Peer 1: 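Okay, handing you the structure first.
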Amino acid sequence: MGSHFFLPKPSNLSFYNALLQECLESSDLQTGKMLHTNILKSGFLSQIFLTNRLIQLYFKREDSHDARKLFDEMPQRDSFTWNIMIAGYVRSKDIIEARKIFYGNVWRNDISWNTIIRGYVQEGEGSIALHLFNQMIIQGLKPTHFAVSSVLRACAGLSWLKTGKLLHGLSYRFGLEGNVVVCTSLIDMYCKCRELTNACHIFNRMPERNIVSWNAILSGYSQNSLGEDCFRMFIEMLEFGLKPDHITFAVLLSSTAALANLVQGKQLHGFIAKSQFGSDVYVETALIDVYAKCGSVDNARQVFNSMTKQNTVSWSSMVIAYAQNGYGKEAISLFEEMLNSGFKPDAITFVGVLMACSHSGLVDEGCSYFDIMQRVHGIEPDKTHYTSLVDLFGRAGYLKEAVELINRMPVKPDAAIWGALLGACRVHRDPELGQLAASKVFELEPQNASAHMLLCHIYSECGNWDDAAKLRAKMKNLGIKKDPGYSWIEVDNVVHRFVADDDSHPRIDEINIALKKLIEQIEHIGYVFYPSSPFNHKIEEGRESYHSEKLAIAFGLISTPTEKTIRIMKNLRVCGDCHNTIKFISQLSGREIIVRDHQRLPVLKKNLQHIQVAATLFCQCLMLLIRDKDHSMILFRSSSAPINNVETDFKCLNYMDLPLQKELLPVVPQMKHSYQQPHVEAQFGLLYSGRMQLS
DNA sequence: CTAGGGTTAG
């Protein structure tokens, strides 16, 4: 580049044009500026298209000031100049200036319209975007896929299903039926409005699909918690010969996180690390979330530390990873670090921060963060923030303050807010207030099973058997069923599911014996049986009846090596006695035990079969990815080149699983501490991320 | 000069 530059005066414009083009592509402002000087000297500045390129370059370097200067000084402009200015301001998120240019534009054409519409969509101003879209049509311009996709995106962002459908119909009249871009936008819009049937309909009838369309439908499944279908579609996509890109992997990871499958997550991580998509902020953030959802905070932090680029979302994800897993202090200090590093927190970051305060009982800190959120960061608290605040007060025992807060909050309290109060009432044994909170939940959500169960527990824990029985009867009348409690554990690639009183497991006798012995042993070190309700513990036919999580843990203990972490999933909340028992078992056996319940992991409420099917499908995905030579070429850096035998199936899987894991993710050190150690205690935060607490 | 798909909470 430099040597070209010192050539004598170029004799033609195309030479400068080509050089500037190159600067634009490499964002090389320095050379651009030198060229600028040269252009001035040679009197070529009057050539509009050269200055246009220069303006673009300034905008690309986020220097809208100098871009504007150049624009103002131009003796002559063309339609490109004006459009570049609009696009430049849209890029730098300055919609005010973009608008001024748009209205002052004498050369206004359909591209100007498309750009300004896009700008308002980006601002979240869907109504304005739609208004402009209307204006554009009134002016007699026929919208193309550019404008239509933009307004569809606005509908997707705001869940405007009606308008979206209207645009769907309209797009046919504009002759855009079957247009890839429009169809993809429609798929996305329907998915974001939770109308998957329509989305699939369009997808299936598209005359042409590309990776963007596939990603749209994959993310649709993922966002609607249909992990199975997401993997199934991904397999189909590979079979169609499409190559996944970094966005595909971000989506797959998000599905894996929702399924809280650590093995899957690690395998994908291994695969991605060897691919060219390992250093994408979205992919890495999704990975943090996978580990966080699986309770592996250390691995989440490793990913976070390894990132070369950070943004608000990646910081928030790590803050939330700590908060969700019970590491309140770490979450808060990371948040402070985030502020010191100059990253701007958003509404979601503060959900994490408040959650962290709630976990660690930091009431004053929580209040002050709530205050700072509005005053310093200008974020209006929404219902989720108020829910966190009620939870914070309630859990710390400030029930009065929680009620006062509900009464004076500017938003209308919803079922979640009253539910948080209800949970606090259970912890702090306040049946009167609990009854009030429950009645409010019932008004809003008459079928809310967990609120009924909570109130039921409150009654029975206070010895009020009558009301407890009445409530049970009411639930039966209303057809509210309590799901049976399932717990499951994976041992040697087999998922073992347990239900209380279910004798079907082949090793059930061993399990019962082991449990009985364990309980005797932990009684010696201080464990006391403490039923939180009569439904909690039954003795039938003279034999103990254990909750499913106890069965699963006992099975884990007798069937896995002593250094292995025991990971249990449960579809319901864990009861107080089980929580306590597990802590003692962990102390006694020196094993790390991680139990995930459905709190913030809604997939666990679903039928276990779905999860197993998803796991099977995932394995197929992985095999296909590894086997396909073509994909390997894209996905693997040539320097790594460790996979010579991509065809020899299982070796590859082992390869992904073992050596790569060791290299990338040092095994989490075994927990030898007693349960009083903060780390272990924090792991149990998983059990009680919500409403129960041991007295 | 304009366009569609991604990560975090509830």
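Per chain, numbering begins at 1; letters A, B, ... match sequence-line order. Predicted model, so just to flag it, every value in this text is computed and none were measured.
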Peer 1: May I ask you to check whether A:Phe335 and A:Trp315 place their ring centres under 6.0 Å from each other?
Peer 2: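 For A:Trp315 and A:Phe335, the ring centres are not under 6.0 Å apart.
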Peer 1: So, is A:Gln223 close to the B:dG6 phosphate, meaning a side-chain N or O under 4.0 Å from OP1 or OP2?
Peer 2: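 So the side chain of A:Gln223 is within the cut-off, an N or O lying under 4.0 Å from OP1 or OP2 of B:dG6.
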Peer 1: Please work out if A:Thr285 contacts a base, only the sugar-phosphate, or nothing of the nucleic acid, heavy-atom cut-off 4.0 Å.
Peer 2: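 Result for A:Thr285 = base.
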Peer 1: Base, sugar-phosphate alone, or nothing: which one does A:Ile211 contact when heavy atoms must sit under 4.0 Å apart?
Peer 2: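 Counting heavy atoms under 4.0 Å across all strands, the contact made by A:Ile211 includes a base.
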Peer 1: Would you mind telling me which of B:dG6, B:dC1, B:dG4 lies closest to the side-chain atoms of A:Ser185?
Peer 2: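 The answer is B:dG4.
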Peer 1: NA contact type, A:Asn52, heavy-atom cut-off 4.0 Å: base, sugar-phosphate, or nothing?
Peer 2: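 Counting heavy atoms under 4.0 Å across all strands, no contact is made by A:Asn52.
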Peer 1: Check every strand shown and say whether A:Asp245 touches a base, only sugar-phosphate, or nothing at a heavy-atom separation below 4.0 Å.
Peer 2: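 Answer is base: heavy atoms of A:Asp245 come under 4.0 Å of a base.
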Peer 1: Determine the contact category for A:Ile84: base if any of its heavy atoms lies under 4.0 Å from a base atom, sugar-phosphate if only primed atoms, P, OP1 or OP2 are that close, otherwise nothing.
Peer 2: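 Since only primed, P, OP1 and OP2 atoms lie under 4.0 Å of A:Ile84, the category is sugar-phosphate.
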Peer 1: Contact class for A:Val180 (heavy atom, under 4.0 Å): base, sugar-phosphate, or nothing?
Peer 2: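 Answer is base: heavy atoms of A:Val180 come under 4.0 Å of a base.
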Peer 1: So does A:Asp280 reach the base of B:dG6 with its side chain, donor to acceptor, closer than 3.5 Å?
Peer 2: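 Answer yes: a donor N or O sits under 3.5 Å from an acceptor.
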Peer 1: Using the ring of each side chain (for Trp, its six-membered ring), is A:Phe231 parallel, tilted or perpendicular to A:Phe618, with breaks at 30° and 60°?
Peer 2: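 Rings of A:Phe231 and A:Phe618: perpendicular, over 60°.
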Peer 1: In terms of relative ring orientation, are A:Phe203 and A:Trp214 parallel, tilted or perpendicular, with 30° and 60° separating the classes?
Peer 2: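 The arrangement is perpendicular - the two ring planes meet at more than 60°.
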Peer 1: Assess the pair A:Phe59 and A:Tyr89: is the distance between their ring centroids shorter than 6.0 Å?
Peer 2: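 They qualify: ring centres under 6.0 Å apart.
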Peer 1: Given that both pair distances must be under 3.5 Å and the pair must be Watson-Crick or G-U, what runs of three or more consecutive pairs involve DNA chain B?
Peer 2: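 So the stems come out as none.
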Peer 1: Which part of the nucleic acid does A:Gln56 contact within heavy-atom distance under 4.0 Å: base, sugar-phosphate only, or nothing?
Peer 2: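 The residue A:Gln56 makes sugar-phosphate contact but no base contact.
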Peer 1: Check whether A:Phe146 forms a cation-pi arrangement with A:Arg118 (NZ or CZ under 6.0 Å from the six-membered ring centre, at most 45° off the ring normal).
Peer 2: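 Geometry flag: not set, cation outside 6.0 Å or 45°.
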Peer 1: In this structure, how many angstroms lie between the P atom of B:dT7 and the CD1 atom of A:Ile272, rounded?
Peer 2: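 Value for this atom pair: 13 Å.
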Peer 1: What does A:Gln310 touch in the nucleic acid at a heavy-atom separation under 4.0 angstrom: a base, only the sugar-phosphate, or nothing?
Peer 2: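 Answer is nothing: A:Gln310 stays at 4.0 Å or more from every strand.
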Peer 1: Taking only the side-chain heavy atoms of A:Met355 (C-beta and beyond), determine which of B:dG6, B:dA9, B:dT2 contains the nearest atom.
Peer 2: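 Looking only at side-chain atoms, A:Met355 lies closest to B:dA9.
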Peer 1: Quick check on the 6.0 Å ring-centre criterion: do A:Trp113 and A:Phe133 meet it?
Peer 2: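 A:Trp113 vs A:Phe133: aromatic centres not under 6.0 Å.
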Peer 1: Between A:Arg118 and B:dG4, does any side-chain N or O lie under 4.0 Å from OP1 or OP2?
Peer 2: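 A:Arg118 to B:dG4 OP1/OP2: side-chain N or O found under 4.0 Å.
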Peer 1: Any side-chain N or O of A:Lys192 under 4.0 Å from OP1/OP2 of B:dG6?
Peer 2: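 Yes, A:Lys192 has a side-chain N/O under 4.0 Å of OP1/OP2 on B:dG6.
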Peer 1: What's A:Ser219 touching, base or sugar-phosphate or nothing? Going by heavy atoms closer than 4.0 Å.
Peer 2: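 Counting heavy atoms under 4.0 Å across all strands, the contact made by A:Ser219 is with sugar-phosphate only.
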Peer 1: Among the nucleotides B:dG4, B:dT2, B:dT7, which one has an atom lying closest to any side-chain atom of A:Asn114?
Peer 2: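 So the side chain of A:Asn114 is nearest to B:dT2.
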Peer 1: Please tell me which of the listed nucleotides, B:dT2, B:dG6, B:dA9, lies nearest to the side chain of A:Asp289?
Peer 2: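 In terms of side-chain proximity for A:Asp289, the closest of B:dT2, B:dG6, B:dA9 is B:dA9.
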Peer 1: Given B:dT7, B:dG4, B:dG6, identify the nucleotide with an atom nearest to the side chain of A:Ser254.
Peer 2: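 When the side chain of A:Ser254 is considered, B:dT7 is the closest of B:dT7, B:dG4, B:dG6.
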Peer 1: What's A:Thr384 touching, base or sugar-phosphate or nothing? Going by heavy atoms closer than 4.0 Å.
Peer 2: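 The answer is base, as A:Thr384 lies within the cut-off (heavy atoms under 4.0 Å) of a base atom.
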Peer 1: Answer yes or no: side-chain N or O of A:Asp382 and base N or O of B:dG10 forming a donor-acceptor pair under 3.5 Å.
Peer 2: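 Result: no qualifying N/O pair found.
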Peer 1: In whole angstrom, what separates A:Met85's CE from B:dT2's C1'?
Peer 2: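 Distance, rounded to whole Å: 16 Å.
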Peer 1: Counting side-chain heavy atoms from C-beta on, which of B:dA9, B:dA3, B:dT7 comes nearest to A:Val313?
Peer 2: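 That would be B:dT7.
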Peer 1: Closest to the A:Asp188 side chain: B:dT2, B:dG6, B:dT8?
Peer 2: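 Among the listed nucleotides, the one closest to the side chain of A:Asp188 is B:dG6.
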Peer 1: Looking at B:dG4, B:dT8, B:dG6, which one has an atom nearest to any side-chain atom of A:Asn210?
Peer 2: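 The listed nucleotide nearest to A:Asn210's side chain is B:dG4.
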Peer 1: Touch check for A:Asn109, heavy atoms < 4.0 angstrom, all strands: base, sugar-phosphate only, or nothing?
Peer 2: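 Answer is nothing: A:Asn109 stays at 4.0 Å or more from every strand.
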Peer 1: Answer yes or no: is there an ion pair linking A:Arg68 with A:Glu97, defined by an N-O contact shorter than 4.0 Å?
Peer 2: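 Judged by the 4.0 Å cut-off on N to carboxylate O distance, A:Arg68 and A:Glu97 do form a salt bridge.
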Peer 1: For A:Tyr322 and A:Arg301, which I'm curious about, is there any donor-acceptor pair between the side chains at under 3.5 Å?
Peer 2: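 Note: A:Tyr322 and A:Arg301 side chains meet the donor-acceptor criterion.
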Peer 1: Would you please determine if the base of B:dG6 is stacked by A:Tyr282, with stacking meaning a centroid separation under 5.5 angstrom and planes under 30 degrees?
Peer 2: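 Check passed, A:Tyr282 stacks on base of B:dG6.
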Peer 1: I'd like to check the side-chain hydrogen bond (donor to acceptor under 3.5 Å, both in side chains) partners of A:Ser27; sequence neighbours left out, ordered by chain and number.
Peer 2: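 Expected list: A:Lys60.
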Peer 1: Give the nucleotide from the list B:dA3, B:dA9, B:dT8 with an atom nearest to the side chain of A:Val351.
Peer 2: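 Nearest listed nucleotide: B:dA9.
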